[in-house]
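Heads up, the thing below is written out as structure tokens.
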Amino acid sequence: MAGAKKNFKATKKFEKKHLKGTLDQRKASAKIKQRQQVKTKKQAKRAKDADFYKGGEDDGATTRPNGAKNTANVNDMSVDDFFGGGFEFIENSEPGKKTSKKLGKRKRDEPNEDNSASDEESDLEMSGDEVPMASGSEDFGDEDVDDVGMSKEAMDALAKDDPEFYKFLKENDPEALEFDDADLAEVDELSANEEEEDDQPKKKLKKDKKQSKVAEAEEGDTSENELTQAMIARWKTAMSERQSLKAARQVVLAFRAAAHLNEDDEDGVRSQAYKITSPEVFHDILVVALKQIPELLQHHVPIKESSSGKVHVPTDSKKFKMLSNLLKSYVSAIIHLLSTLSDDATLKLTLSAITPVVPYLLSFRKLLKNLIKTVVGFWSQSTSSDSTRITAFLVFRRLVVVGDKGIREAVLKAVYQGLIAGSRVTNVNTIQGINLMKNSAAELWGLDQNIGYTTAFSFIRQLAIHLRNSIVHNQNESYKTIYNWQYVHSLDFWSCVLAEHCSPLKEAEAGKQSQLKLLIYPLVQVTLGAMRLIPTATYFPVRFHMIRSLLRVSRSTGTYIPLASALLEVLNSAEMRKSPKPSTIKPLDFHIAYKAPKSYLRTRVYQDGVGEQVVELFSEYFVLWSTNIAFPEFALPVIIMLKRWLKQSRKKTGGNNNNKVRAGLVLLVQKLEANAKFIEGKRAKVDFAPNNRAQVDAFLNDFAWEKTPVGAYVVAQRKAGAEKAKMLEQARKEDERKRKEEEQEALEENVDESDDDEEMEEFDEEASEDEASSDDDDE
């Protein structure tokens with residue numbers, strides 16, 4: 001027992017003091033041993049090569065390492081004998097002798113058994129982390145040399161040392177001189193089998209070979225890296241006729257060079273495979289790459305799509321694995337190219353090329369994330385045109401259709417964030433683009449209503465939290481988190497989503513109730529709360545925006561939302577009860593304003609605009625129920641309140657003498673009373689009781705709402721509003737045109753003045769020179 005304790009203590013003492021040093025010493029000795037083994041192998045290989053080259057001097061006394069007979073001179077060897085043994089490039093050959101021009105293809109020899117056995121033993125002795133990295137081609141075995149091939153530097157050296165052999169390669173195998181990046185090298189394996197898979201007759205192949213030679217002859221003495229239109233035409237023909245993968249690889253390399261045009265590495269060295277100096281070449285390679293690469297991918301890796309929209313991409317196939325690097329390089333180049341483009345036509349062409357390759361990208365999540373971010377950025381950019389926005393929308397709509405749940409959720413979140421970022425600035429120039437974004441994005445939430453419901457609920461809940469924090473933390477600036485364009489457009493966007501996907505027509509087509517219909521109540525509550533946060537005249541425009549959003553939901557879904565009280569609050573405010581001050585300022589455009597400047601308050605211009613908005617929204621609200629059997633009782637409280645306001649406004653003291661507002665409200669009351677009498681007349685002829693819900697709901701179902709008194713009034717009001725908006729748009733465009741002309745004239749005047757100043761300076765310099773010369777003559 002005592003001996004065991006003693007041994008245990010000695011072991012612990014050794015571990016504490018000597019174990020680490022012993023292990024380090026063993027590792028160091030193992031590394032030295034490995035270096036010695038590698039060095040011995042190199043020396044043995046060099047000795048064999050030296051014996052091989054000295055075979056002619058020893059009169060054939062020695063034998064080759066693989067048992068073959070040595071030749072007396074390297075130039076007298078056959079091609080098989082020359083490539084059969086280990087060799088280096090022979091830099092100093094005899095000048096009087098020429099190399100043979102009958103060259104066969106290089107064949108891989110069977111490795112020597114002894115050498116392979118020794119290699120296996122050395123590999124077993126060395127750990128994976130401690131294997132030394134080879135610095136040159138001599139450190140690799142024969143098989144590794146075959147796999148790596150000859151580099152561009154080696155071929156350049158060959159062109160200097162043996163120009164005849166280089167010329168032979170250029171004439172008979174020009175593709176051997178084309179060097180590509182390592183990330184696309186795997187396509188070679190598929191390209192090597194193109195001749196076997198090709199069913200073209202030999203005559204046609206010979207004809208194509210002749211055409212390729214003619215095309216190369218036409219290229220002339222252009223540098224190896226410079227891209228020409230003849231090269232692009234040859235690649236285009238190969239891709240369209242033979243679906244050539246090798247040509248596709250060259251097109252992708254050239255396309256990547258075009259995407260990174262005029263960009264250098266940190267060292268100032270160009271890293272791309274091709275050099276582009278002509279705008280015509282740049283245009284051609286863009287068109288070929290963007291149009292034909294997706295078609296070639298569809299040919300080699302066809303996509304199977306079901307009727308429900310699900311796609312199946314054979315990702316386990318050998319071709320897809322080989323083409324994955326080409327695909328990633330192609331899409332990465334597109335993403336980089338998009339960041340450099342500004343022309344609408346080129347942007348549209350580039351974005352449209354992404355849509356057909358979307359199914360292939362589903363397994364590349366990191367690349368897909370960058371793609372979504374880039375495309376959504378162009379969709380939400382204020383400077384993008386409508387055609388660019390629509391093309392970008394088609395890309396992520398395709399992603400939602402073919403992607404899984406994770407991709408769909410990521411796309412929906414990115415689209416919503418892009419919408420919020422793009423609606424920060426709202427004015428006359430951007431309002432149409434923002435409306436286009438809202439209407440297009442609303443479609444995505446109905447493609448998968450399970451994901452659509454969860455994302456919409458979380459975003460509406462976020463809006464409710466912002467509203468609650470603004471009410472609870474009642475500070476000076478807390479209301480600004482609610483009263484801004486981003487919050488207003490968010491509420492309006494969700495009203496568009498619910499109006500599109502919760503309508504009775506959509507539910508009838510789907511055969512079931514929409515899951516998004518459950519979100520109507522929380523959205524209405526948040527909107528009504530935000531509407532009444534600050535009930536002052538300054539924020540009447542934002543109230544009108546929110547009322548329009550709720551009217552859209554009520555019109556599409558048939559849901560009753562009480563909005564009359566919100567409009568009556570505007571009429572009963574101090575701004576509308578008292579007579580306004582005369583003013584000559586420009587009328588406020590309520591469609592692009594969420595608050596009124598202080599200069600507009602208590603003015604006739606602002607009061608007239610508010611009165612028009614109230615009358616318009618009241619008529620739009622009541623026309624929704626103009627054919628309802630309960631319309632007389634529904635409109636009666638509002639009619640009473642409006643008559644009371646008109647009576648109050650006629651008072652000489654404390655009344656409102658704005659005849660324009662009063663005339664609009666009087667006409668509205670007349671239309672409401674006429675519609676109530678119309679419904680009472682129709683209702684007097686029915687023979688069912690109010691408890692018969694089916695008959696009550698079917699009352700005047702077939703009667704067009706446009707034929708009711710309120711409906712006819714709304715139709716005329718909408719027509720007048722459309723004409724007014726058209727006139728304002730024409731006036732705005734005319735002002736914009738005049739402003740640009742004035743800027744152009746001012747620019748031309750500045751250029752003329754600068755030219756005159758330069759002429760005066762030149763004249764002054766000449767005069768001073770003449771004076772100086774005259775002074776010299778006098779002296």
Please evaluate residues Leu642 and Phe618 with respect to the criterion side-chain contact (heavy atoms from CB on, under 4.5 Å), reporting the C-alpha separation (whole Å), side-chain torsions for both, the decisive distance (0.1 Å), and the verdict. CA-CA 11 Å; Leu642 292 177; Phe618 260 130; 4.2 Å; yes
Any side-chain heavy atom of [X] within less than 4.5 Å of one from [Y]?
X: Arg398; Y: Val311; result: yes
X: Phe364; Y: Leu327; result: yes
X: Arg577; Y: Asn572; result: yes
X: Ile407; Y: Val358; result: no
X: Gln381; Y: Thr388; result: no
X: Phe396; Y: Ile372; result: no
X: Leu351; Y: Trp379; result: no
X: Arg718; Y: Glu620; result: yes

Which value, rounded to the nearest 0.5 Å, describes the distance between [X] atom [atom1] and [Y] atom [atom2]?
X: Leu399; Y: Leu394; atom1: CG; atom2: CG; result: 11.5 Å
X: Ser470; Y: Lys480; atom1: OG; atom2: NZ; result: 12.0 Å
X: Leu700; Y: Ile629; atom1: CG; atom2: CD1; result: 8.0 Å
X: Met546; Y: Leu491; atom1: CE; atom2: CG; result: 5.5 Å
X: Ile561; Y: Tyr621; atom1: CD1; atom2: OH; result: 9.0 Å
X: Leu412; Y: Arg408; atom1: CG; atom2: CZ; result: 9.5 Å

Can Tyr483 and Tyr594 be said to form a ring-ring contact (aromatic ring centres under 6.0 Å, His included), step by step? CA-CA 8 Å; Tyr483 283 173; Tyr594 72 91; 7.7 Å; no
Pairs under 3.5 angstrom only: tabulate donor-acceptor contacts from the side chains of residues 663-678 to other protein residues two or more places apart or in another chain.
from	atom 1	to	atom 2	distance (Å)
Glu673	OE2	Lys643	NZ	2.5
Asn675	OD1	Val710	N	3.4
Asn675	ND2	Ser626	O	3.1

According to ring pair (Phe, Tyr, Trp, His ring centres under 6.0 Å), who are the partners of [X], at least two apart in sequence or on a separate chain?
X: Tyr600; value: none
X: Trp494; value: Tyr416, Trp445
X: His501; value: none

Who pairs with Asp697 by side chain to side chain donor-acceptor pair (under 3.5 Å), at least two apart in sequence or on another chain? none
Counting only heavy atoms not in Lys348 (residues, nucleotides, ligands), do more than 12 fall under 6.0 Å from its NZ? no
Give a yes or no on this: more than 12 heavy atoms of other residues, nucleotides or ligands lie within 6.0 Å of atom CZ of Phe457. no
Before giving the answer on salt bridge (charged side-chain N to carboxylate O under 4.0 Å, His left out), spell out for Asp404 and Arg365 the whole-Å C-alpha distance, their side-chain angles and the decisive distance to 0.1 Å. CA-CA 12 Å; Asp404 55 15; Arg365 294 306 176 107; 2.5 Å; yes
Taking the basic N atoms (NZ, or NE/NH1/NH2) and the acidic carboxylate oxygens, is any pair closer than 4.0 Å for Glu736 and Lys733? no
Identify whether the distance between the nearest side-chain nitrogen and carboxylate oxygen of Asp344 and Arg389 falls below 4.0 Å. no
What residue pairs, at least two apart or across chains, pass side-chain hydrogen bond (donor to acceptor under 3.5 Å, both in side chains) with a residue in residues 350-364? Gln298-Tyr360
Any side-chain to backbone donor/acceptor pair from Ser495 onto Val553? Under 3.5 Å, distance only. no
Check: Leu338 main-chain N/O paired with Thr374 side-chain donor or acceptor under 3.5 Å: no
Walk me through whether Arg397 and Phe393 qualify under side-chain contact (heavy atoms from CB on, under 4.5 Å). CA-CA 6 Å; Arg397 186 189 185 279; Phe393 166 74; 4.0 Å; yes
Under the salt bridge (charged side-chain N to carboxylate O under 4.0 Å, His left out) rule, what do Lys726 and Glu723 come out as? Steps first, then yes or no, please. CA-CA 5 Å; Lys726 185 177 179 181; Glu723 292 178 355; over 6 Å; no
I'd like to check the side-chain contact (heavy atoms from CB on, under 4.5 Å) partners of [X]; sequence neighbours left out, ordered by chain and number.
X: Glu507; answer: Gln513, Ser514, Lys517
X: Asn450; answer: Asp448, Gln515
X: Lys413; answer: Glu409, Phe459

Ignoring hydrogens, what is the shortest heavy-atom contact between Trp485 and His545? Give both atom names and the distance. CH2-NE2, 3.6 Å
List the atom pairs, donor and acceptor, that lie under 3.5 Å between side-chain atoms in residues 630-639 and the rest of the protein, sequence neighbours left out.
from	atom 1	to	atom 2	distance (Å)
Glu633	OE1	Arg683	NH1	3.1
Glu633	OE2	Arg683	NH1	3.4
Glu633	OE2	Arg683	NH2	3.3

Anything under 3.5 Å between a donor and an acceptor, one on a side chain of residues 518-535, the other on a protein residue two or more places apart or in another chain? List them.
from	atom 1	to	atom 2	distance (Å)
Thr527	OG1	Leu523	O	2.7
Arg532	NE	Glu569	OE2	3.1
Arg532	NH2	Ser565	OG	3.1

Start with the C-alpha gap between Leu337 and Ile334, add the side-chain angles, then the distance that decides, and say whether side-chain contact (heavy atoms from CB on, under 4.5 Å) holds. CA-CA 5 Å; Leu337 179 65; Ile334 288 180; 5.5 Å; no
Gln717 versus Ser619, side-chain donor and acceptor atoms under 3.5 Å: yes
Judged by modelled atom types alone, do Ser458 and Thr455 share a side-chain donor-acceptor pair under 3.5 Å? no
Return all side-chain donor-acceptor pairs below 3.5 angstrom for residues 605-615, not counting sequence neighbours, or 'none' if the list is empty.
from	atom 1	to	atom 2	distance (Å)
Tyr606	OH	Ala537	O	2.5
Gln607	OE1	Asn656	ND2	3.1
Gln607	OE1	Asn658	ND2	2.9
Gln607	NE2	Glu575	O	2.9
Gln607	NE2	Lys578	O	3.1
Asp608	OD1	Asn658	ND2	2.8
Glu612	OE2	Lys660	NZ	3.1
Gln613	OE1	Arg548	NH1	3.2
Gln613	OE1	Arg548	NH2	2.8

Stepwise, does the side-chain contact (heavy atoms from CB on, under 4.5 Å) test hold for Ser380 with Leu419? CA-CA 6 Å; Ser380 61; Leu419 173 64; over 6 Å; no
